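First the structure, in the form of structure tokens, and then the observations on it.
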Amino acid sequence: MSGRPTGRDVEQWAAEVEVVGARIGRRFARSEPRRRAVAHVRGLLSDTERKNGWQLAEYLGEGTPDGVQHLPARAAWDADAVRDDLAGYVHEHLGDPDGVLVVDETGFLKKGTKSCGVARQYTGTAGRIENAQVGVFLAYAGAKGHAFLDRALYLPKEWADDGERCDAAGVPDGVGFATKPQLAGRMIRRARRLGVRAAWVTGDTVYGHDGKFRRFLEEIGQPYLLAVPANQPLFDGAFRSTVGAIAGEFPATAWRRAAAGAGSKGPREYDWAVEAFGADDERGWRLWLVVRRHRERPDERAYFFARGPAATRPAELVRVAGLRWRVEECLELGKGGCGLDEYEVRSWVGWHRHVTLSLFALAVVAVIRSRAPARGGKRGRRVDPGERPGGAGAAPQACVGGRAAGRAGAGVVGVATPAPAPRPRMPLPETRGQAARLNNYGCRTRPGDLEVVVVLHGDATAAALDDEAYREVTGRPHPHADVMKKLRDAGVKILVCGQSLARKKFDPKRVRPEVKVAASAVSAVVNLQARGYAYVPAH
């Protein structure tokens, strides 16, 4: 396989937002909010710097943000019905017999006291107690990709007990206080009602430490692997102890090295111990204590309770533990590329509406990624999901989109990275090779017909830095300064992923003048596809 998308692939990708619009259209009684919802999702996928009312309105060609703000705040539509459509869409496209449901929460830092559910509470977003809203999320992760299925706004007890405050924020009657595990349980039950099935449920210690949540999963017949704290009690067959103390007595032979999926720097390898406790129950289920130990810092450990069919192999439990990280990727992309945390609403209804549309935008990205052709695979060979663009472990360095004016998807230009060498890879080819590619295609078009956009991310991010910053980072002169200028002079637009800049701790103010910073590479590419550009990853 060449790994290049066909013209048909590009047409399907560009139309995916419209497919979503047709799917959720019945949830809107009037045509105007129906059209606006589709445009809103496209705007959330755009490369606008922020997804607030003014910038989305500017992207949509509107003079004021009134229409953008009206959709989540006052328009007539049912966000919960759209949420159900989201769950069906994700499971239809990403469903996998070995799929895993992942529960997690995230914080949305806020000022003031009016936003529904806002309170001084701990949030991992800040790593401390801050004034914030907290949302609980249910994600689905499988071989084809990962995306969110559901969301719920956590209402602190101080809010739930204040009827006047709840009325002002539009909290529906009957909504009372619920713990985060209770909210997670409701979302899992809803997903099952909609036909979503998963081999396992996983989550962090907020959920694993809650005995009621674990019993709920056992009652509905759902296998789980949940993180628990080191002081979690466990009966080891002789006396009651803690998982930390029990794991401290494991013999050296209990530990095996295994990779819990692929990370940005290769396989995430740890030492693992899997020990069964107690007798199998009437269903043939077993309880395991799973312990993950850092290879270089053996005192750094994580503990999990797993309960499921007794025939489950330890490698399967390690796989499930690795998939728990997928929710972090979803949250990062949701906030970084799909405007998840950039809402301008304070009400209960407004929060759920904005977040639902943001999660749908994220699901569109996941579905498009799942359809991307595998790179470098031989015909007939099964390709691991990590080898797919956007899959686990995938790290494309640059991509180029092209279109001919008036003809969607007419132009496809690829930019290849040079062959691996002992020194760090350079993200762009030499000037002569790049010019040859552009000239080869450009000779077949009339002037002004061809539009090319280069999106830099991953290992290619350093190429976006100015000459001085590049030298500081690499210790060498910028090898592609000339080609960057020639690309600009030829009318080529160059974007760099803002998320990649942040991850690599590069100062956006030190980006080359010919390069524009996009919110994220994914949102930039999806937006370009929706506007008729073809997509070719540069390898």
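Remember, it's a predicted structure, so these values are computed and weren't measured experimentally.
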Quick check: do [X] and [Y] have side-chain heavy atoms less than 4.5 Å from each other?
X: Leu226; Y: Leu217; value: yes
X: Leu60; Y: Val68; value: yes
X: Leu101; Y: Val103; value: no
X: Cys338; Y: Leu45; value: yes
X: Arg42; Y: Tyr59; value: yes
X: Leu138; Y: Val327; value: no
X: Tyr207; Y: Tyr224; value: no
X: Cys116; Y: Val171; value: yes

Roughly how far, to the nearest 0.5 Å, is [atom2] of [Y] from [atom1] of [X]?
X: Leu183; Y: Phe213; atom1: CG; atom2: CZ; answer: 10.5 Å
X: Leu44; Y: Leu56; atom1: CG; atom2: CG; answer: 6.0 Å
X: Leu340; Y: Leu333; atom1: CG; atom2: CG; answer: 10.0 Å
X: Arg165; Y: Thr113; atom1: CZ; atom2: OG1; answer: 5.5 Å
X: His352; Y: Asp78; atom1: NE2; atom2: CG; answer: 11.5 Å
X: His93; Y: Ser370; atom1: NE2; atom2: OG; answer: 8.0 Å

Please check if the number of heavy atoms outside [X] that lie under 6.0 Å from its [atom1] is greater than 12.
X: Arg283; atom1: CZ; value: yes
X: Glu32; atom1: CD; value: yes
X: Asp66; atom1: CG; value: yes
X: Glu328; atom1: CD; value: yes
X: Lys504; atom1: NZ; value: yes
X: Lys516; atom1: NZ; value: no

Determine, stepwise, if the pair Leu155 / Val175 fulfils side chain to side chain contact (heavy atoms under 4.5 Å, CB included). CA-CA 9 Å; Leu155 201 64; Val175 174; 4.2 Å; yes
Exercise: identify the closest heavy-atom pair between [X] and [Y]:
X: Arg192; Y: Ile220; answer: NH2-O, 3.1 Å
X: Val345; Y: Ala73; answer: CG1-CB, 4.5 Å
X: Gly308; Y: Pro223; answer: CA-CB, 4.1 Å
X: Thr205; Y: Pro229; answer: CG2-N, 3.8 Å
X: Gly43; Y: Thr48; answer: O-OG1, 4.2 Å

Any pair counted as ring-ring contact (aromatic ring centres under 6.0 Å, His included), so long as it reaches residues 318-338, sequence neighbours left out: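 Residue pairs passing ring-ring contact (aromatic ring centres under 6.0 Å, His included), neighbours aside: none found.
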Which residues pass the ring pair (Phe, Tyr, Trp, His ring centres under 6.0 Å) test with Phe137, sequence neighbours left out?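 By the ring pair (Phe, Tyr, Trp, His ring centres under 6.0 Å) rule, Phe137 matches Phe148.
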Output all residues satisfying salt bridge (charged side-chain N to carboxylate O under 4.0 Å, His left out) with Glu344, sequence neighbours left out; order by chain, then residue number.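 None.
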For Arg193, check salt bridge (charged side-chain N to carboxylate O under 4.0 Å, His left out) against everything at least two apart and list the hits.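 Scan of Arg193 (salt bridge (charged side-chain N to carboxylate O under 4.0 Å, His left out), adjacent residues dropped) gives none.
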Could you tell me whether a side-chain N or O of [X] sits under 3.5 Å from a main-chain N or O of [Y], the two making a donor and an acceptor?
X: His354; Y: Gly339; result: yes
X: Ser115; Y: Arg346; result: no
X: Gln222; Y: Ala198; result: yes
X: Arg319; Y: Asp98; result: yes
X: Asp204; Y: Ala227; result: no
X: Trp77; Y: Leu71; result: yes
X: Gln182; Y: Thr179; result: yes
X: Arg50; Y: Glu342; result: no
X: Asn131; Y: Gly112; result: yes
X: Tyr140; Y: Asp96; result: yes

Between Arg36 and Glu62, does a side chain to side chain contact (heavy atoms under 4.5 Å, CB included) hold up when you go through it step by step? CA-CA 12 Å; Arg36 183 166 291 284; Glu62 300 176 1; 2.9 Å; yes
CA sep, side-chain torsions, deciding dist, call: Arg26, Asp85, side chain to side chain contact (heavy atoms under 4.5 Å, CB included): CA-CA 10 Å; Arg26 58 200 171 106; Asp85 290 335; 2.9 Å; yes
Starting from the C-alpha separation in whole Å, work towards a yes-or-no answer on side-chain hydrogen bond (donor to acceptor under 3.5 Å, both in side chains) for Tyr343 and Gln133. CA-CA 12 Å; Tyr343 48 88; Gln133 294 170 297; 2.5 Å; yes
Qualifying residue, where the test is side-chain contact (heavy atoms from CB on, under 4.5 Å) with [X] and the options are [options]:
X: Leu149; options: Ile188, Val102, Val90; value: Val90
X: Arg83; options: Arg353, Met187, Arg151; value: Arg151
X: Val364; options: Leu359, Val19, Val20; value: Val20

Check for me whether Lys180 meets the cation-pi criterion with Tyr154, that is, NZ or CZ under 6.0 Å from the six-membered ring centre and within 45 degrees of the ring axis.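 Yes, cation above the ring, under 6.0 Å and within 45°.
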Lys335 to Phe108, cation-pi by 6.0 Å centre distance and 45° axis angle: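 Pair Lys335/Phe108 counts as cation-pi.
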Carboxylate-amine/guanidinium contact Glu218 Arg214, below 4.0 Å: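 Judged by the 4.0 Å cut-off on N to carboxylate O distance, Glu218 and Arg214 do not form a salt bridge.
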In terms of side-chain geometry, is the basic nitrogen of Asp84 or Arg190 positioned less than 4.0 Å from the acidic oxygen of its partner?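 No, Asp84 and Arg190 are not salt-bridged.
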Name all residues meeting the side-chain contact (heavy atoms from CB on, under 4.5 Å) criterion together with Tyr122; count only those two or more places apart in sequence or in a different chain, and write none if there are none.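 Only Ile129 meet the side-chain contact (heavy atoms from CB on, under 4.5 Å) criterion with Tyr122.
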Sort and list the pairs that fulfil salt bridge (charged side-chain N to carboxylate O under 4.0 Å, His left out) and have at least one residue in residues 117-142, not counting sequence neighbours.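 Of all non-adjacent pairs touching residues 117-142, those that pass salt bridge (charged side-chain N to carboxylate O under 4.0 Å, His left out) are Arg128-Glu130.
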Side chain to side chain contact (heavy atoms under 4.5 Å, CB included) between Val511 and Leu501, intermediate numbers included: CA-CA 9 Å; Val511 166; Leu501 287 172; 4.1 Å; yes
